[in-house]
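Below you'll find the structure, written out as structure tokens, and then a few comments.
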Amino acid sequence: MTLQQLKYIIEVAKQGSINEAAKRLFISQPSLSSAIRDLEQELQITIFERSNKGILLSKEGVEFLSYARQVVEQAELLETRYLHARPSPQHFSVSTQHYAFAVNAFVELVQAYGQDEYQFALRETKTYEIIEDVRNLRSEIGILYRNAFNGKVIGKLLKDANLEFHSLFTAKPHIFISIRHPLAGQASVTVEELQQYPYLSFEQGEFNSFHFAEEILSTMTHPKSIRVNDRATLFNLLIGLNGYTISTGVLSRDLNGNEIIPVALECDEFIHVGWIAHRQMPLTKLGAAYVEALRRATS
């Protein structure tokens, strides 16, 4: 086993593709595949599982990767200390549903820990992909919500992936609407009052199950419905079409300005928002700092 092989494993896991990892490592794809295969044979484990959907870490591979990262990080510290090398870029990734507070916390992390060089990633993505990103260590932390409706399904997925949910806050549902929306002056609104307006939600791709919806009350039917992929588009449509979406009510004026406001939604549901990470893996320094930034952003 060599340090170079460990670096190869880390890069393949990060990219989720041998071909893309080979490009970034400046080696040929056959050479990279051979190096991984030699390591798997030496250790008599399967690190990556291959399928028609690509390459994924096996359960053994997830554990191996956590150790590999520790070894590589320690080796880099030794090089920095004794060879006077330049500090290696810091790495940190988070996958999240579309929450402004997650962005605010990420900004705080970069401002506090960003060196001259760093490689950070913030993925606002689909619910199922958040769980897969954390399971396969593409992201150290994921952010999503659970409630009475999706709790069992999300809980089973987390258990199967050896992930743990840590609560951040519990919120009563709100709608986000434009300040010029006809309902903007009300203290609260009912589901019936919303029926005539376009309902906006986030697309979940091939895992478009009600249980993976980013919005509660996902089984309700809507006469006018639009699905989008990113938060900026959703907010533009809220303003342009007098649409609405359902969320926690937590907004950031720094990021979203004053054009969008929350209004309480009259229903008996609760939204439990939290972060997920591997159950038996301690957080890195950056991971722990990001969690603290999340708590400050949502307190």
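For the single chain, residues carry numbers from 1 onward in sequence order.
Note: the hydrophobic cluster containing Val72 also contains Ile47 (ILVMFWY, side chain heavy atoms under 4.5 Å, direct or indirect links). Note: the hydrophobic cluster containing Leu265 also contains Met220 (ILVMFWY, side chain heavy atoms under 4.5 Å, direct or indirect links). With hydrophobic clusters built from ILVMFWY side chains whose heavy atoms lie under 4.5 angstrom apart, Leu158 does not share a cluster with Leu56. Under the 4.5 Å side-chain contact rule for hydrophobic residues, Leu157 and Phe210 do not share a cluster. Hydrophobic cluster membership is shared by Ile141 and Phe120, with clusters built from Ile, Leu, Val, Met, Phe, Trp and Tyr side chains linked at under 4.5 angstrom.
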Hey, can you pull the donor-acceptor pairs under 3.5 Å for the side chains in residues 191-199, sequence neighbours left out?
from	atom 1	to	atom 2	distance (Å)
Glu193	OE1	Thr190	N	2.9
Glu193	OE1	Thr190	OG1	3.3
Glu193	OE2	Gln186	NE2	3.3

Anything under 3.5 Å between a donor and an acceptor, one on a side chain of residues 266-277, the other on a protein residue two or more places apart or in another chain? List them.
from	atom 1	to	atom 2	distance (Å)
Glu266	OE2	Ser188	OG	2.6
His272	ND1	Thr170	OG1	2.9

For residues 173-185, tabulate all N or O donor-acceptor pairs below 3.5 Å that involve a side-chain atom, not counting sequence neighbours.
from	atom 1	to	atom 2	distance (Å)
His174	ND1	Lys172	O	2.8
Ser178	OG	Arg180	N	3.0
Arg180	NH1	Glu259	OE1	3.4
Arg180	NH2	Glu259	OE1	2.4
His181	ND1	Leu183	N	3.0
His181	NE2	Asn242	O	3.1

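When every heavy atom of Arg138 is checked against every heavy atom of Gly16, the shortest pair comes out as NH2-CA, 3.4 Å. What you find for Ser66 and Met281 is that their closest heavy atoms are CB-CE, 3.4 Å. Closest heavy-atom contact between Thr96 and Ile130: C-CD1, 3.4 Å. Between Glu215 and Ser218 the shortest heavy-atom distance is O-CB, 3.7 Å. Across all non-hydrogen atoms, the minimal contact from Leu57 to Arg135 is O-NH1, 3.7 Å. Here the closest heavy-atom approach between residue Met1 and residue Glu42 is recorded as N-OE2, 2.9 Å.
Partners of Tyr8 by ring-ring contact (aromatic ring centres under 6.0 Å, His included), not counting sequence neighbours: none found.
Looking at Asn150, its side chain does come within 3.5 Å of a backbone N or O of Asn147 through a donor-acceptor pair. Side-chain atoms of Glu60 come within 3.5 Å of backbone atoms of Thr46 as a donor-acceptor pair (strictly under, hydrogens ignored). Checked by atom type and distance alone, the side chain of Asn104 never pairs as donor or acceptor with a backbone atom of Val107 at under 3.5 Å. In this structure, the side chain of Arg146 engages the main chain of Gly151 through a donor-acceptor pair within 3.5 Å. The main-chain N or O of His98 is found under 3.5 Å from a side-chain atom of Glu214 such that the two form a donor-acceptor pair. Between the side chain of Arg123 and the backbone N or O of Glu129, no donor-acceptor pair lies under 3.5 Å.
Counting heavy atoms from C-beta outward, Val189 and Tyr244 have side chains that stay 4.5 Å or more apart. Using a 4.5 Å heavy-atom threshold, the side chains of Glu140 and Tyr290 count as separate. For the pair Glu11 and Leu32, the minimum side-chain heavy-atom distance is 4.5 Å or more.
Annotation: the span from Glu73 atom CD to Thr284 atom OG1 amounts to 7.5 Å, rounded to 0.5 Å. Tyr128 OH to Ile154 CD1: the interatomic distance, rounded to the nearest 0.5 Å, is 10.5 Å. Rounded to the nearest 0.5 Å, atoms NE2 (His91) and CZ (Arg69) are 9.5 Å apart. Rounding to the nearest 0.5 angstrom, the gap separating the CZ atom in Arg227 from the CD atom in Gln204 is 9.0 Å. With rounding to the nearest 0.5 angstrom, the CG atom of Leu65 is 9.5 Å from the CG atom of Asn136. Atoms CD and NE2, on Glu63 and His278 in that order, are 11.0 Å from each other to the nearest 0.5 Å.
Sorted by first and then second residue, the ring pair (Phe, Tyr, Trp, His ring centres under 6.0 Å) pairs with a member in residues 135-157 read Phe149-His211; sequence neighbours excluded. Sequence neighbours left out, the pairs with a member in residues 22-41 that pass salt bridge (Lys or Arg N to Asp or Glu O under 4.0 Å) are Glu20-Arg24, Glu40-Arg50.
Around the CD atom of Gln44, the shell of radius 6.0 Å holds no more than 12 heavy atoms that belong to other residues, nucleotides or ligands.
Between Ser95 and the options Asp133, Leu144, Ile143, a side-chain contact (heavy atoms from CB on, under 4.5 Å) holds for only Asp133.
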side-chain contact (heavy atoms from CB on, under 4.5 Å) between Leu286 and Tyr118, worked out: CA-CA 12 Å; Leu286 291 177; Tyr118 54 83; over 6 Å; no
Pair Tyr99-Thr298, side-chain contact (heavy atoms from CB on, under 4.5 Å): steps then yes or no: CA-CA 11 Å; Tyr99 296 127; Thr298 56; over 6 Å; no
Test log, rule side-chain contact (heavy atoms from CB on, under 4.5 Å), inputs Val228 and Phe202: CA-CA 5 Å; Val228 301; Phe202 287 106; 4.0 Å; yes
Chi angles and distances behind the side-chain contact (heavy atoms from CB on, under 4.5 Å) call for Phe235, Leu200: CA-CA 9 Å; Phe235 281 177; Leu200 304 174; over 6 Å; no
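For Thr127 and Gln97, the side-chain atoms include at least one donor-acceptor pair closer than 3.5 Å.
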